[in-house]
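See structure below.
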Amino acid sequence: MRSFKDHNPISVFVFYIFAIVPAMFCINPVLMCVSLAGAVSFRLAKDGVGALKKMLPFFAFPVLGVVINPLFVHKGVTPLFILNNNPVTLEAVLFGLTLGIMICSTVIWFSSFNSIMTTDKLLYVFGSVSPKIALILSMTLRYIPLYGQQIKKVRQAQTVTGLYKEDNAIDKIRGGLRIMSVMVSWALENGIITADSMAARGYGAGRRSRFAIFGWRKADVALLVLCAALGVITAACMGIGRLAFEWYPEIVSPGASAPAITAYIAYALLCAIPTVLQIKEEARWRSLQSGI
Amino acid sequence: MEILTVRDLSFKYSLGREDAVSGISFGVEEGAFVAVCGPTGCGKSTLLRMLKKELIPMGDMRGEVLLDGVPLSEIDVRTSASAVGFVMQRPEHQIVTDKVWHELAFGLENLGMPQDVIRRRVSEIAAYFDIEDWFEKDVSELSGGQKQLLNLASIMVMQPRLLILDEPTSQLDPIAASDFIATVRKLNTDMGLTVIMVEHRLQEVIPAASRLLVMDKGRLLHYGPTRQVCEEVSDRPDLLAAMPSTVRLFKIMDGEGECPLTISEGRRWAESFGNDVQPDFAQMDEQGGAPDGKQETGAADRKHGGDTNSGASVESVPDSDVPAMEFDDVWFRYGRDLHDVLRGTTLSVKQGEIFCILGGNGSGKTTCLGAAAGLNKPYSGTVKVFGKNVRDYRNQSLYRNCLTMLPQDVQTIFLKNTVREELKDAGESAGKLPYDIDSLMDKHPYDLSGGEQQLVALAKVLASEPKLLLLDEPTKGIDTYSSERISGILKDLRDSGMTIVIVTHDVEFAARTADRCAMFFRGEVTSVDEPRAFFSENNFYTTAVNRMTRGLFKGCVTLEDAVYALRLQKQPAGKDG
């Protein structure tokens, strides 16, 4: 079954951009809370109640925001109490809280992003820019583990041949240089084979095309269009309606203007997409499964 | 019709003094399977590269190569990239991308094929090569055999008409190698694909090949139908050493009639001698090998050519009650949550013997060697080297004049630009070595053949004057002639008092070299015996000669055994004096 994570990576990537980025530039408590609700509910839908335990540490951010911001920022017109001859103001507390929620929701979004967007999906997204970039990224990912393995083998080989001392720091530095030197000639010599192998398969024969195992189905396009539309509406309304709060010296909210309400609704719908898709697919799967 | 025509082809490398390939002409019919053989450095690889436009090295090329009657130089880039496929030795380094599916698509991407064409071809080839299960894997997770199959598949996806393979199985274990050769053979018979293949493992390739091409010193010596060339091939030991055991035996015995190529043909031929006299191999061992049989094992080691007796060498080291290496119920795994690799391994290696550990892939052989060398720390059980727990050797004292290990990939120990500097780095002087590598002194270690690399690496590790030498697959990627040379050298080292433990897949090598053999299975030693008993008890995991003479002669394992046994049946006049 195709749940949110199985959609074309570009659609998924676009969703995350619109869910995370606009909110980061607009410290608005309503948007922050919507974002947090969306992020948490998706993790719960995706990974079950057990995810709650994993997310718990992230909730330290709002708490830290509430505690730390007022300690350093003394602006604001509503002092709550005096600490060390400095006023602790309501504005600073609320700003700290909102900022903490923003960080918290961003981190939780990223935690699901990490588990969904594996390297091959990211590669696909960034490789869409050009087939050359796609190839370079792919080769880089190929060489990192390859070199890592070889370095380990070389280190072990150097140890067990018993030719070199490893008594003190200088010996160890020498050993490191020796491994470097082995690796350089190894990489150059074997790089020639890779170059031959590429030439033998027509690399450089003309314009490259690009093959990907991720295709486009109707649902992928629909998801992409929906995310982009909601995201653009949110961003546009933010621009028109000045959704950002003024925090100091006095909190000034943008109020319930038409652009603000539109933005809140659009953003709430956007943030709800992954959770809704997840729950819908699970329900559908359960009903299908009962028919198998 | 001829798909490939080579006319009077010569080539000289831009820095070379002589022609690497000189005056070669031959033609290949569509659908043929051509096996190419010849001693190391005879110009085989250079010849193959001349046939693939993109891989022609820098230098002076004369003569013509025609593909379907069109000179290579006139074929456009895109056609030539897909029409001729080329598979090389090292599977690891021919892979370009990080994912199996991407590697399959790589060639088609280069040609700018549209998505849906690539999708169709890639899925088709993945199904044919049965790689659907690992289609989405990272290439770094694949075994060597899988990597080489992937290389083949990602060339076949371009639908070549001619497939060229340059020692494709040299880095693979025998089982993966057979699989690979079987796949190539299937492509040849199923698709009518024309194949040109250089191989050391002629035992498996020759039955598949329709034609055999023998080269030496850049020249073409023989080219023709396989059986005919096998019969013609000269008596030069280095050329003959590359031939399958059946052909070698036939030649040594001056056989008449049709030369046997496969094991079953060899068996029929051996049966024609009858088995009226059962050979007494113990007696043969005492005499030091079969009369006249030794010349065929190569010039490397005449003294010990036939010595497979385990008793003699042990007696020569009197104070050898302490085992050189001892495993007692050793358990090891690579990570807490991974599975056990060594599962109660128990074994004991006597001082002054050559001990071969055989077994399948992933049975834990190499891990076992790593545990002896102190690289892998077992979580239970003890590993002792010369009676002392490996853990108690402090500050690398284990590696000083005691134990040394030559890893499987000898490129991991090459540091310098010439062999001479390499030996100097190790503090080894060539004069002290029990063998001669003077001719290699000024070469770059990477330019040497597999066998030569092994000898240089061995020279390097011998500098620490070990008493216990551990070798991991010393014959991987090496032709039979070099392998016999190494075998002789190891026996010389053994006779000078060194204990040698070898992990190998190469049953022929183990049968020739070992004093005792052990079978490793699922992290345990399942049987230990001296090679004659070991290999005659095994049915599958045994030498070609043993498979050929099973039921005829008891305990006949090596080529020499077979020569000895057959000579007893029929004594040609004037041969044994």
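A, B, ... follow the sequence lines: proteins, then strands. Residue 1 opens every chain.
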Side chains of [X] and [Y]: closer than 4.5 Å at any heavy-atom pair?
X        : Y        : answer
B/Asp98  : A/Leu123 : yes
A/Val182 : B/Gln411 : no
B/Arg119 : A/Ile213 : no
B/Ser140 : A/Leu146 : no
A/Ser197 : B/Met88  : yes
A/Phe211 : B/Leu108 : no

Part of [X] lying under 4.5 Å from any heavy atom of chain B:
X        : value
A/Leu141 : both
A/Thr161 : both
A/Pro145 : side chain
A/Thr159 : both
A/Arg207 : backbone
A/Ala212 : both

Going by ring-ring contact (aromatic ring centres under 6.0 Å, His included), name the residues that satisfy it together with A/Tyr147, two or more places apart in sequence or in a different chain. A/Tyr143, A/Trp186
Inter-residue atom distance [X].[atom1] - [Y].[atom2], 0.5 Å rounding:
X        : Y        : atom1 : atom2 : answer
A/Asn190 : B/Arg90  : CG    : CZ    : 5.0 Å
A/Asp120 : B/Trp101 : CG    : CH2   : 7.0 Å
B/Leu375 : A/Gln156 : CG    : CD    : 4.5 Å

Do you know which of [options] has the most heavy-atom pairs under 4.5 Å to chain A?
options                               : value
B/His102, B/Arg78, B/Lys53            : B/His102
B/Asp409, B/Ile95, B/Val122, B/Leu470 : B/Ile95
B/Val461, B/Leu55, B/Val77            : B/Leu55

Looking at B/Asp138 and A/Arg142, does any basic side-chain N land under 4.0 Å from a carboxylate oxygen? no
One thing to verify: whether A/Arg201 and B/Glu109 come together as a salt bridge, which I'm taking to mean a side-chain N less than 4.0 angstrom from a carboxylate O. no
Evaluation steps, side-chain contact (heavy atoms from CB on, under 4.5 Å), between A/Val160 and B/Thr404: CA-CA 6 Å; A/Val160 293; B/Thr404 193; 5.7 Å; no
Within 6.0 Å of CD1 in A/Ile170, more than 12 heavy atoms from elsewhere: no
Kindly indicate, with the supporting measurements, whether the criterion side-chain contact (heavy atoms from CB on, under 4.5 Å) is fulfilled by A/Gln158 and B/Thr412. CA-CA 8 Å; A/Gln158 301 282 327; B/Thr412 53; 6.0 Å; no
Below 4.5 Å, heavy-atom pairs only: which of A/Ile192, A/Val154, A/Leu135, A/Val184 has the largest tally toward chain B? A/Val154
Using a cut-off of under 4.5 Å for heavy-atom pairs, which of A/Ala200, A/Ala195, A/Ala205, A/Gly191 has the most such pairs with chain B? A/Ala200
Determine, step by step, whether A/Met198 and B/Phe106 satisfy the side-chain contact (heavy atoms from CB on, under 4.5 Å) criterion, reporting the C-alpha distance in whole Å, the side-chain angles of both residues, the deciding distance to 0.1 Å, and the verdict. CA-CA 9 Å; A/Met198 290 171 74; B/Phe106 178 75; 3.8 Å; yes
Would you say the side-chain atoms of B/His93 and A/Thr194 include a donor-acceptor pair closer than 3.5 Å? no
Over all heavy atoms of both residues, which pair between A/Ser138 and B/Thr97 is shortest? Give the atoms and the distance, please. OG-CB, 3.2 Å
Step by step, would you call B/Phe414 with A/Ser185 a side-chain contact (heavy atoms from CB on, under 4.5 Å)? CA-CA 9 Å; B/Phe414 292 144; A/Ser185 41; over 6 Å; no
